[in-house]
Amino acid sequence: MDPNEITRNEPVNFIQAIIDKDKKNNKYGGRVHLRFPPEPNGYLHIGHAKSICLNFGLAEKNNGLCNLRFDDTNPSKEEIEYIESIIYDVHWLGFDWEDRLYYASDYFEQMYQDAISLIKKGKAYVCDLSPEEVKDYRGTFTKPGENSPYRNRTVEENLDLFQQMREGKFEDGSKVLRAKIDMNSPNLNMRDPIIYRIMRETHHRTGDKWCIYPMYDYAHPLEDYYEKITHSVCTLEFEDHRPLYDWVLENLNAIDAPQQIEFARLNLSNTVMSKRKLRMLVEAGYVSGWDDPRLPTISGLRRRGYTPEAIRTFCDRIGVAKTNSTVDIRFLEHCIREDLNKKANRVMAVLEPLKLIIDNYPDDLVEEMDCENNPEDPTAGSRKIPFSKIIYIEREDFHNNPPSKYYRLSPGREVRLKNAYIVKCTNFVYDENTESITEVHCTYDPESKSGQPGAHRKVKSTIHWVPAKFAKKAEIRLYDYLLTDNIGEHSEDDSDNDKDFIKMVNPQSIEILKNSLVEPGLQNAKPGEKFQFMRKGYFVVDSDSTQGNLIFNRTVSLRDSWERIMRNN
RNA sequence: UGGGGUGUAGCCAAGCGGCAAGGCAAGGGACUUUGGCUCCCUCAUCGGAGGUUCGAAUCCUUCCACCCCAGCCA
């Protein structure tokens, strides 16, 4: 059998199909080499995660390599802080570029020399047109461009001028280097695109060594080529740039030139992905920072309690195609529930406490109840929780006048207290002043203790609880979708819908509960630890949490079919 | 308007001429000391119209819709 023959059960995305074909034809000598090339001008979000998983994933599947490369060709927008956060996040997601961490800025000299080659071939020229004039000469969609009056300078003159540009002889914006292609091209990117500009800006890595910087369209194909990239994967909006990408490499006589392949960026329902909109939310104070648990940033998701595994599973399952699409955020939620269901220990926490007194239970008795840590994982073991006469239950688990299909506690009815006894409601106390129920009275069935023979008796419902005397106070933060609706986002810089988008910010995206109670063992929980609060959802200890001031973030609620019953009524 | 792309269920997404995978969501049901998990069942004729073919989501023609491009951003 041909070793290059690839057999797979799973459907293959169109990029993998291209790679399969290239391997079969022994293109690039059978090598597969990709890269994830962020510009260090902001924090990574789940849209980047899609690209990271795609690139590193394809490398892994094909026995290839994937580089991490910072595309730092514009010092006016880039900062070290972003480089550090990006490195941290990509590692956190679980990917390894080994020793292949690169910077476009490391190639500045080589790029400069290649520009000289283009000039020598008569393929590039120095242009003195002002930015406004460049724009006017470019023409429009329907009107062809006009040649720059500087287009026919001699090679010698261009060489001399370009060197002087580098030496800082000219002011910012006064000259540019342009590729000489075709001012009549229907593709505006091919109308003598600017490939170098003069910009006196201190670069975070090269300092003040350079005052000219290459443009993306010129730099990117070279970066890929220098690193021997085979498949240069980027997003759809660069499709029109592909002819220029190829032009640069062709005119430099590149051998085994990399090929650019475009896929659709990720959009998620009920949130935003573009840097500018994310920034608006942070700067206008709609959220607390770039790692606010409501944001789709990697740092936000991490603080929210998302695991790298869930994010990667999500990215793998949404697929890769060229269709603009918006993935339902409920699919992301499904992925984290699925992961945490296997991993998170079950504990009891009462978010909105209601006192319950067991009148026939001995006043001073404390029993240690045995609780299984995770029914999905037998190796997770069990723990003891103290039980006594006064406990707290969830306020919504008692109803003095229960609606139909309500299975929980109400006057005269029985429920099981999880891992403890069956109790029957005998009475409750209503406070006229606060117009609320302040306590519930029950009697318990001593024969019904969990694990004992009498425990087999079935009751309609089981509810969670915490012991009044031993429970710990905690702050619990509940999150809801960032936006109440979906916003169409197909490119990074779509500013048309900025106003509409602010109108969609969900005013109830966060709810903070200050008086919640958790079982005593949670006292020592450390930031980042994840739990399932039984019947309520998955929660993570917030990064600001301390032993004396416990804070939990709700990662995601449990699926709730009772809520659905209520909603459908 | 010129160019470049995309259109398969509420949301993703396979399919590449032979009688529409899968997942999420939704709705039923079984099980259950989490109204959780798990398990079972239900849920499309492929943007429209023509045509080619014994046979088309897949080929051809044409129309329509949506997205991207006129930064010395990436």
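By convention in this document, chain letters (A, B, ...) are assigned in the order of the sequence lines, proteins followed by strands, and residues within each chain are numbered from 1. Treat the numbers as computed from the prediction; the structure is a model and nothing was measured.
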| request: Find which nucleotide of RNA chain B each of Ser76(A) and Arg242(A) is nearest to by heavy atoms, and output the residue with the more 5' nucleotide. | output: Arg242(A)

| message | Taking the nucleotide of RNA chain B with the nearest heavy atom to each, does Lys135(A) or Val327(A) sit closer to the 5' end? | response |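 Comparing both residues, the 5'-ward one is Val327(A).
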
| said: So if I apply the side-chain hydrogen bond (donor to acceptor under 3.5 Å, both in side chains) rule between His464(A) and each of Glu394(A), Lys418(A), Lys536(A), which one comes out positive? | reply: Glu394(A)

Of the listed nucleotides [options], the one nearest the side chain of [X]:
X	options	value
Met215(A)	rC72(B), rU34(B), rC69(B)	rC72(B)
Phe141(A)	rU33(B), rG2(B), rG36(B)	rG2(B)
Pro186(A)	rA13(B), rG3(B), rG35(B)	rG3(B)
Lys77(A)	rG7(B), rC37(B), rC73(B)	rC73(B)

Atom [atom1], compared across [N] and [M]: separation rounded to whole Å:
N	M	atom1	answer
rC11(B)	rC31(B)	C1'	30 Å
rA9(B)	rG48(B)	P	10 Å
rG15(B)	rC72(B)	C1'	46 Å
rC60(B)	rC16(B)	P	16 Å
rA25(B)	rU33(B)	P	25 Å
rU34(B)	rG47(B)	C1'	46 Å
rA56(B)	rC24(B)	C1'	29 Å
rG55(B)	rG17(B)	C1'	8 Å

| Quick check: are there more than 12 heavy atoms from other residues, nucleotides or ligands sitting under 6.0 Å from CD of Glu447(A)? |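 It does not: Glu447(A) CD has 12 such atoms or fewer within range.
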
When all nucleic acid strands are considered with a 4.0 Å heavy-atom cut-off, which category describes [X]: base, sugar-phosphate, or nothing?
X	value
Tyr137(A)	nothing
Val459(A)	nothing
Pro375(A)	base
Lys175(A)	nothing
Thr142(A)	base
Thr140(A)	base
Leu236(A)	nothing
Ile565(A)	base
Thr326(A)	sugar-phosphate
Gly451(A)	base
Glu376(A)	base
Asp240(A)	base
Ala264(A)	nothing
Phe238(A)	base

| query | Ignoring hydrogens and angles, does a donor from either the side chain of Ser450(A) or the base of rU33(B) sit under 3.5 Å from an acceptor on the other? | reply |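 In this structure, the two groups form a donor-acceptor pair.
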
Counting just side-chain N and O atoms, does [X] come under 4.0 Å of either OP1 or OP2 of [N]?
X	N	answer
Lys536(A)	rU34(B)	no
Thr73(A)	rA74(B)	yes
Arg138(A)	rC72(B)	yes
Arg416(A)	rU32(B)	no
Ser561(A)	rG36(B)	yes

| query | What about Phe533(A) and Tyr538(A), are their ring centers closer than 6.0 Å? | reply | no

| said: Taking the ring centre of each residue, are Tyr444(A) and Tyr421(A) less than 6.0 Å apart? | reply: yes

| request: Write down the atom of Ala264(A), the atom of Lys50(A), and the distance for their closest heavy-atom approach. | output: O-NZ, 2.8 Å

| task | Could you pull out all residues at least two apart from Lys343(A) that satisfy salt bridge (Lys or Arg N to Asp or Glu O under 4.0 Å)? | result | Glu309(A), Asp339(A)

| task | Tell me, please, which residues at least two apart from Pro375(A) pass side chain to side chain contact (heavy atoms under 4.5 Å, CB included). | result |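 Expected list: Arg346(A), Glu372(A).
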
| field | Ring centroids of Tyr407(A) and rG35(B) base under 5.5 Å with planes under 30° | value |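 The ring of Tyr407(A) is stacked on rG35(B).
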
| field | Aromatic ring of Trp562(A) stacked on base six-ring of rG35(B), 5.5 Å, 30° | value |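 Ring-base stacking flag set for Trp562(A) and rG35(B).
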
Rounded to whole Å, please give me the gap between [atom1] in [X] and [atom2] in [N].
X	N	atom1	atom2	answer
Arg191(A)	rG2(B)	CZ	C1'	8 Å
Glu563(A)	rG35(B)	CD	C1'	11 Å
Asn41(A)	rC73(B)	CG	C1'	9 Å
His464(A)	rU34(B)	NE2	P	13 Å
Asn270(A)	rC12(B)	CG	P	13 Å

| said: Syn or anti for rG55(B), given that syn means the glycosidic angle lies within 90° of 0? | reply: anti

What is the pairing partner of [N], taking Watson-Crick or G-U wobble pairs with both distances under 3.5 Å in any strand?
N	answer
rA70(B)	none
rA26(B)	rU42(B)
rG7(B)	rC64(B)
rG17(B)	none

| query | Just how far is it from atom CG of Asp397(A) to atom OH of Tyr392(A), taken to the nearest 0.5 Å? | reply |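 One gets 15.5 Å once the value is rounded to the nearest 0.5 Å.
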
| request: Classify the angle between the aromatic ring planes of Tyr213(A) and Phe108(A) as parallel (below 30°), tilted (30 to 60°) or perpendicular (above 60°). | output: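 If you compare the ring of Tyr213(A) with that of Phe108(A), the planes turn out perpendicular.
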
Could you work out, with ring-ring contact (aromatic ring centres under 6.0 Å, His included) as the rule, every residue matching [X], not counting sequence neighbours?
X	result
Tyr107(A)	Tyr226(A)
Tyr216(A)	His220(A), Phe238(A)
Tyr225(A)	none

| message | Base contacts versus sugar-phosphate-only contacts with protein, heavy atoms under 4.0 Å: please encode nucleotides 23-31 of chain B as B, S and - from 5' to 3'. | response | SSSSS----

